[in-house]
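By convention in this document, chain letters (A, B, ...) are assigned in the order of the sequence lines, proteins followed by strands, and residues within each chain are numbered from 1. Every heavy atom of this structure was used, including side-chain atoms; hydrogens, water molecules and symmetry mates were not. If you're wondering where the values come from, they're calculated on a predicted model, not measured in any experiment.
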Number of protein chains: 4
Amino acid sequence: MIQAGIFGTSGYTGYELAKILDRHSEVAIRFATSRSLAGKLLTSLYPAGPDLPLIRPVDAPLDEVDVVFLCLPHATAAPVAVEALNKGVRVIDLSADFRLKDADVYAQWYGNQHPAPSLLSEAVYGLTEYARDELPQTRLVANPGCYPTSVLLAVLPVLQADLVDGKIIADSKSGVSGAGRTPKTSTHFVQVDGNFSPYKIGRSHRHLPEIEQGLSHWHQNPPGLIFSPHLLPVPRGILSTIYVPIKDGWTISELRDLYLQTYENQPFVHILPDGELATLAHANYTNHCVIGLNLTIGTLILTSAIDNLLKGAAGQAVQNMNLMFGLGETAGLL
Amino acid sequence: MIQAGIFGTSGYTGYELAKILDRHSEVAIRFATSRSLAGKLLTSLYPAGPDLPLIRPVDAPLDEVDVVFLCLPHATAAPVAVEALNKGVRVIDLSADFRLKDADVYAQWYGNQHPAPSLLSEAVYGLTEYARDELPQTRLVANPGCYPTSVLLAVLPVLQADLVDGKIIADSKSGVSGAGRTPKTSTHFVQVDGNFSPYKIGRSHRHLPEIEQGLSHWHQNPPGLIFSPHLLPVPRGILSTIYVPIKDGWTISELRDLYLQTYENQPFVHILPDGELATLAHANYTNHCVIGLNLTIGTLILTSAIDNLLKGAAGQAVQNMNLMFGLGETAGLL
Amino acid sequence: MIQAGIFGTSGYTGYELAKILDRHSEVAIRFATSRSLAGKLLTSLYPAGPDLPLIRPVDAPLDEVDVVFLCLPHATAAPVAVEALNKGVRVIDLSADFRLKDADVYAQWYGNQHPAPSLLSEAVYGLTEYARDELPQTRLVANPGCYPTSVLLAVLPVLQADLVDGKIIADSKSGVSGAGRTPKTSTHFVQVDGNFSPYKIGRSHRHLPEIEQGLSHWHQNPPGLIFSPHLLPVPRGILSTIYVPIKDGWTISELRDLYLQTYENQPFVHILPDGELATLAHANYTNHCVIGLNLTIGTLILTSAIDNLLKGAAGQAVQNMNLMFGLGETAGLL
Amino acid sequence: MIQAGIFGTSGYTGYELAKILDRHSEVAIRFATSRSLAGKLLTSLYPAGPDLPLIRPVDAPLDEVDVVFLCLPHATAAPVAVEALNKGVRVIDLSADFRLKDADVYAQWYGNQHPAPSLLSEAVYGLTEYARDELPQTRLVANPGCYPTSVLLAVLPVLQADLVDGKIIADSKSGVSGAGRTPKTSTHFVQVDGNFSPYKIGRSHRHLPEIEQGLSHWHQNPPGLIFSPHLLPVPRGILSTIYVPIKDGWTISELRDLYLQTYENQPFVHILPDGELATLAHANYTNHCVIGLNLTIGTLILTSAIDNLLKGAAGQAVQNMNLMFGLGETAGLL
């Protein structure tokens, strides 16, 4: 039985993680922290969830766990990671702190000096399907962002096969839980319901450098990227509609074969049959990434759907934990 | 041309008022204040609204207006009312400050001493259909709360006819704009969407004493009242389902006749034909109160729908203004 | 391993059942029928669901199963039940066909002669918490309606204790999945979104006689009942706000104790602590019925929340199956 | 006073038109037809709307009107147009029948031979801002489709200025009213709520040839076009995010100046200031098209919002009528 701790359990991601781990037959939740709700039960906030007692972060018994999940804001996660690693505890960080390999790029996009730059090189970027080999050995996983997960899983097959022939445009749409649980004008029901809003389009969202790092990591001459996030009036789910110019001579059926081969043994990536498009309903409340393919006048139009809280956060974190500890990849996730 | 000023224009009620007055052919908006957005245009907050410049409350030129609308929090409205009245400006207060006639009841429910108790006796409770005669003379109108408007318009005909034979139960459901524009956990999209929540049921909501005052005002031996508000996952609208025990011997058709007669010449109260029930869609985006009647084993079941921002706030305020200034009752409201 | 068959898998209830049974470690789905989608996979309709092949009802191998679940329209379920029982297969019927004990009452409310009146007396009304003793022996369960489940679980403790002192009013609100998957004007997104509608209020909904039968079954002198269903703009969940006049002399804390005792060993009924009210968020996506209590001027106000597709249909059906076959009550349901 | 008739009043577009004309001070609605609801009032369907009696199409007194609006399905609108024109009545057709100039293209996309090909050459494509000069003389207006309105108004300034340097990608998102009032699985509340779905992406939606015709009409060497419609879980509104490769050497401020000049005297096109993006909230319930501009690595990203039922249908139809009859362009539309 793996002993696990959760930091930051009261946010949407922490809550989803608590639900998954609570049902996971090979994991015991040893502790769950919450700065704001310490002393209460998780059910005081999420009445349908597990009855976990919440404790203060300083009271977390790091000695008694094998792994911790950090569902904390960026900059506050890294110091906890350092402390846990020092006690020999493996770390799965769901914040952005260890995603970008370059501390300067991190500082530029996140507005603070990196709290633990010496760990950046060893952190494994946990896009599970592409990190499979490194996970068993690592002690530190940077769990990918939600948008990057939806975009990279869709784009990497043609990128690795060197078929991309120009700028990639990712027009992404996310549910409101992606904006976090803190009340803001932009997440007020009256503001969101019946509305639909682009935000930080072009090259201004923090997930842009993360996606670009992925493109550079998997291709030595990466294409340009335009990334346009939009806020959907739904609680959860991301759909990215991605436009990829493709080199001449490829048919849709050849492209679909490429995707089917790439993801042949990946239990959580599903390639749709000819003519079908991914929707939020394909992926919500599951750990799947569902990808549809369409080829139109030389442009591959990918539709890629995930649940931002599962494959885009807590689900992928557990998938990574399963591989780190040699459990079945799908344990707790079906 | 009536010169009007709006205090508190950035809230939902102030915004609806601005839209109505902007289109009202016999009113000019002389100023619109907002503490938080002074110096900006109203469109910076509500992009589809009128292009009004927002000013600081202290800069409001009270000398230049005939009437002011107060869309302010309780306790902050009354002092502005005093100042305006002192300058000879008529006041329509959309806050709760002048609704309750008894300063002690006000203090008990609102938690502060009444800021201007000497004005309570002269304030007209502006449930328009029942205040028609007093409006032309008054200088101070207390615009009713949204829930009380939906309940009192439905209940008063049988109350005045002395047909009520026991406790009244008002099971009311409101859209989220009723909770105001300030972001709170309870108005976060993820919290509200797909959910439905009773709150402050029984005898604990501030609109309870307001409804009770109405029952006492229109009947010397008023019935008991249970009031159960619920939060609907919609931006606007109130539906109250009201259970009224009726004295023996009355048929549904006699009761409907009573309602039709009561509201015969009231342009904004609509009694539904036999078998029809009020829904939000009957009333939203209009200034109407729509009432359906059903008689079941001695209980009159009233369904009463209003738009909480219009007949429940800004619309009724303009209806009151129209009567105060001798304009057509429906001017600006159709 | 229990071998199960599902009739009518393409409706919302059938789909939820398929999802539960697919994850149930002691059940194998032997077949799943769909008149309209035979030959296709369930995922053609519900892309995130299990990959079940759908067959024609006539091709269902009744010889190979221990139990069948009937997610069929009323009048079409009973003949299938007869056929299955004749082959020695136990039946859990989620339609209304065996809920009402009196074939005349059935005919009056459902508009057709009962297709198998001789089975009515042996059918067990499967409100699990009150049918616990009969389930192991029975071969035919009438799974309760969604509204009756939410109302009866809340009302029975005070009814059985003989504390009810007058007419019960159940003001119930349901999500749209309760109206079924067939497209109708009343379930069109544009009609429902932003709206809220009472329908069939008073004594005209088919669940009224079912609730009344329950009241009569558990009390020899049952109170009168008013039942007011409303359609909520949410996909799932029922909240019933129920007004029960209580005999003099009972305190809220005594009443709560009564409820806590009544449901002490019931894993799926949860009584809320003092001051808390049930909401859809308490129950959705779970098999729980969550009940809040409030006592106001002699009236017990119960708030009772269930997921209409789980405790109100497929979840309760599996709970009943677990008890019929001697499995753990919560198997597959947590 | 202009006498107007409406054909097809019971659909969403017909209803919006009825509301606008009912409030238009220079228009009288002489008749309103509905095949399915003849003999009833419009309020039987839309309880908050005007009290119009609905008549059978064959009973429409064409002799008594100056103009008819056709809110009919394609192929059924053209024969009514012919009949009206023959009686000297001017026609504004909101169907697709006269939008495509080439009868063969029409037949290919709409699946039927064109019912009145001889009228195609005289029909004015009523994208008001670009049809201003032709409207006063014409007797037949083809009111544009909703998606084409949102895309063409955004793209034409750079197209006409010859700045487009490659394929245009229009990633468009529409509310559900765009799919019509007929209940379908794809418009069922449970299917739509919480979901988001691309459909007919690439080059398969009927609005594609209409947009392409516009690109060809306003540029002799038109760029390629990819058009990706998506269904939003909202009742109304379209947001198109449009990616236009721009020739070298243009700055965002020069591009914004171009847009400001192009639409300088157009009351219903609004160009947003630097850094702002269009959202549904900018345009819903108004006749405005609101356009935001962003320039990212050589690509102009346009965000273009309209209310699909107003500027995308009934509003633009009235705007066209105003210009046809020499009324103020904004009459009835503010």
Trainee: Once ring-ring contact (aromatic ring centres under 6.0 Å, His included) is applied, do any residues pair with B/H270, and if so which ones, sequence neighbours excluded?
Mentor: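 B/H270 satisfies ring-ring contact (aromatic ring centres under 6.0 Å, His included) with no residue once adjacent residues are dropped.
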Trainee: At what distance, to the nearest 0.5 angstrom, does CD1 of C/I201 lie from OH of B/Y243?
Mentor: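 It comes to 6.5 Å.
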Trainee: In terms of heavy-atom pairs under 4.5 Å with chain C, which of B/S204, B/G202, B/P245 leads?
Mentor: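 Top option by heavy-atom pairs under 4.5 Å: B/G202.
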Trainee: What part of C/N284 lies closer than 4.5 angstrom to a heavy atom of chain B: side chain, backbone, both or neither?
Mentor: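 When you check distances to chain B, only side chain atoms of C/N284 fall under 4.5 Å.
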Trainee: Most heavy-atom pairs under 4.5 angstrom with chain C, which of B/G292, B/P198, B/A281, B/A278?
Mentor: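 Winner by heavy-atom pair count: B/P198.
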Trainee: So which of B/T303, B/D171, B/T279 has the biggest tally of heavy-atom pairs under 4.5 Å with chain C?
Mentor: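 With the most close heavy-atom pairs to chain C, the winner is B/D171.
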Trainee: Could you check which of B/L280, B/D193, B/V234 has the highest count of heavy-atom pairs closer than 4.5 Å to chain C?
Mentor: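 Highest number of heavy-atom pairs under 4.5 Å: B/L280.
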Trainee: In Å and rounded to the nearest 0.5 Å, what is the CG to NE2 distance from C/L232 to B/H230?
Mentor: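 Nearest 0.5 Å value for the CG-NE2 distance: 9.5 Å.
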Trainee: Once rounded to the nearest 0.5 Å, what's the spacing between atom OG1 of B/T296 and atom CZ of C/F227?
Mentor: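 Nearest 0.5 Å value for the OG1-CZ distance: 12.5 Å.
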Trainee: Look up atom CG in C/N294 and atom NZ in B/K200, then write down how far apart they are to the nearest 0.5 Å.
Mentor: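 Answer rounded to 0.5 Å: 14.0 Å.
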Trainee: Drop me the distance from C/R203's CZ to B/I301's CD1, to the nearest 0.5 angstrom.
Mentor: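 Nearest 0.5 Å value for the CZ-CD1 distance: 10.5 Å.
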Trainee: Heavy-atom cut-off 4.5 Å, strictly under: side chain, backbone, both or neither for C/L295 against chain B?
Mentor: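 Neither the backbone nor the side chain of C/L295 comes within 4.5 Å of chain B.
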Trainee: Which residues in residues 162-169 of chain C have any heavy atom closer than 4.5 Å to a heavy atom of chain B?
Mentor: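 When heavy atoms of chain B are the reference, residues 162-169 of chain C contributes C/K167, C/I169 within the under-4.5 Å range.
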Trainee: Given the options C/S228, C/G224, C/A305, which has more heavy-atom pairs under 4.5 Å with chain B than any of the others?
Mentor: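 Heavy-atom pairs under 4.5 Å are most numerous for C/S228.
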Trainee: Between atom NZ of C/K173 and atom OG1 of B/T241, what is the distance when rounded to the nearest 0.5 Å?
Mentor: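 That separation rounds to 7.0 Å.
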